[in-house]
Amino acid sequence: MTDTLLNVDRHLLITGGCGFIGSNFVRFIRAQRPAWRITNLDSLTEAGNLQNLADVAVGEHYRFIKGNICDRALVERLIDECTDIVHLAAETHVDRSIMDAGPFVQTNVVGTQTILDAALKVFKARSSGRLVFASTDEVYGSLPLDTMSERFTEDSPLRPNNPYSASKAAADMMVRAYHETFALDCVVTRCCNNFGPNQFPEKVIPLFVTNLLEGHSVPLYGDGKNVRDWIHVEDYCSALLAVLERGHSGATYNVGANNERSNLELTHELLRLLGCGPEMVRHVPDRLGHDLRYAIDAGKLECELGWQAERSAWPAALERTVKWYQDNESWWRAVKSGAYKDYYKRQYGLFEGESGE
Ligand code: TDX
């Protein structure tokens, strides 16, 4: 199968299009490639939310299908109706994977294999069609804090340290295997930590921002020295589009924005932006197997495809993100109620003043 051509009209099957990255990607494609059609397949579990797309989910170029990526018949029918797949659906939260790894293996590994098998059948029969798979920098494991110049390249060994990253690494390797074995046209991205609008408030930035907006403290794990590399979700969306249109078949591309911060630095930046003092930080026990540092070398993507991170620079990008949560209180208040509350209580205990009933 050959690399797909530029500027052809496409019909994308986007899996997980109601989640954080998925909904931002749907919005990005609607703006950047308005002639393309989109089928959004999402099972609407907790992190998937139709409200995330209320503004763009209209018109004949868009359709939403509620369904599971492990449903082989459904997936095969939808792939048959589309030209390419951007596979974003996943269980993504490390802490949840530590509580229960089962859904991570099912969705991330079995779901990806289901898509691969269906894509193989449909794309091979028509000799065209590309699969873009969103892997993660977490597959590389952890870097030490004492050699800050070291970064992950695409050739770094995969050493996942938690059930989430192990499940993503397994899926990532399955994609590789289908390319090597069957010449399926696949491209893989391994991206650093995303931030931006519509992120589920189990992840650190929306959790801390919304807690502070509610007047609650923020639970900082361990000593807060762990380092993450932060990219604005729109920059990741532009990377996904670049690899879909121009990436080399079978290639893996790291995606990062040279934006490393310790959790302590991030927390203090958020406290500053929201006018809160250090007394709002609650030091809680460390995450099990907590990776010390992720840092991405995105040179291959920049050199081969001319991609650049343009929207990630702090403090402006973080300020815009904080403002989004300030302006969209009804969105996160709805998301933070219901099943989320049980998760939060299990994870962090009770807020001050709560009875637990
Ligand atoms: O309450 C918290 N307190 C805290 O100190 C939470 C939720 C997190 N943290 C720390 C743990 C991490 O060092 O903040 C850092 C970021 O945590 P998360 O937002 O949970 O992200 P992380 O574990 O780094 O994983 C993320 O990056 C890679 C995403 O969740 C993954 O989906 C992505 O693949």
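Both ligands and their constituent atoms are indexed starting at 1 by order of listing. Side-chain atoms are counted along with the backbone in the values below, which use heavy atoms only and exclude waters and symmetry mates.
Nearest protein heavy-atom contact of atom 21 (O) of ligand 1 is N193 ND2, 3.4 Å. Distance from atom 13 (O) of ligand 1 to its nearest protein heavy atom, with residue and atom name: H290 NE2, 2.7 Å. When hydrogens are left out, the protein atom nearest atom 32 (O) of ligand 1 is T92 O, 3.0 Å; that is the closest non-hydrogen contact. Among protein heavy atoms, the minimum distance from atom 23 (O) of ligand 1 is reached at R287 NH1, 2.6 Å. Protein heavy atom at the shortest distance from atom 29 (C) of ligand 1 is K203 CE, 3.7 Å. Atom 16 (C) of ligand 1 has its closest protein heavy atom at V204 CG1, 3.6 Å. Nearest protein neighbour of atom 25 (O) of ligand 1, counting heavy atoms only, is E138 OE2, 2.6 Å. Atom 5 (O) of ligand 1 has as its closest protein heavy atom Y221 N, 2.9 Å.
The closest approach between K168 and ligand 1 stays at or above 4.0 Å for every heavy atom of the residue. Residue Q347 places no heavy atom under 4.0 Å from ligand 1.
If you run salt bridge (Lys or Arg N to Asp or Glu O under 4.0 Å) between D95 and each of R346, K203, R287, only R287 comes through.
Salt bridge E269/R261: absent, no basic N to carboxylate O contact under 4.0 Å. Using a 4.0 Å cut-off between charged side-chain N and carboxylate O, E202 and R96 make a salt bridge. Between R293 and E260, at least one side-chain N (NZ, or NE/NH1/NH2) sits under 4.0 Å from a carboxylate O, which counts as a salt bridge. Salt bridge R246/E304: absent, no basic N to carboxylate O contact under 4.0 Å.
Remark: R272 CZ is packed, more than 12 non-hydrogen atoms of other residues, nucleotides or ligands lying under 6.0 Å away. Other residues, nucleotides and ligands contribute at most 12 non-hydrogen atoms within 6.0 Å of the CD atom of Q51.
Contacts between N263 and ligand 1, counted as non-hydrogen atom pairs separated by less than 4.0 Å, involve the side chain only. Residue V94 touches ligand 1 through its side chain alone, judged by heavy-atom distances below 4.0 Å. With a heavy-atom cut-off of 4.0 Å, L207 touches ligand 1 through its side chain alone.
A donor atom on one side chain and an acceptor atom on the other are not found under 3.5 Å apart for N198 and W324. Side-chain contact of R190 with Y140: a donor-acceptor pair under 3.5 Å is present, judged by distance alone.
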For residues 313-322, which side-chain donor-acceptor pairs fall under 3.5 Å, sequence neighbours excluded?
unit_1: R320; atom_1: NH2; unit_2: R311; atom_2: O; d: 3.2
unit_1: T321; atom_1: OG1; unit_2: A317; atom_2: O; d: 2.9

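Residue contacts with ligand 1: F208 is placed with no nitrogen or oxygen under 3.5 Å of a nitrogen or oxygen of the ligand (distance criterion only).
Following chains of ILVMFWY side-chain contacts shorter than 4.5 Å, one can reach W332 starting from Y344, so the two form part of one hydrophobic cluster.
Every atom of ligand 1 with a heavy atom of Y348 under 4.0 Å away is listed here by number and element: 1 (O), 2 (C), 6 (C), 7 (C). The contact set between ligand 1 and Y294, taken as ligand atoms under 4.0 Å from a residue heavy atom, comprises 24 (O). Atoms of ligand 1 lying under 4.0 Å from at least one heavy atom of E202, given by number and element, are 7 (C). In the vicinity of H93, heavy-atom distances shorter than 4.0 Å reach the ligand 1 atoms 20 (O). Residue L220 approaches ligand 1 through these ligand atoms, each under 4.0 Å from one of its heavy atoms: 5 (O).
What you find for D229 and N259 is that their closest heavy atoms are OD1-N, 3.0 Å.
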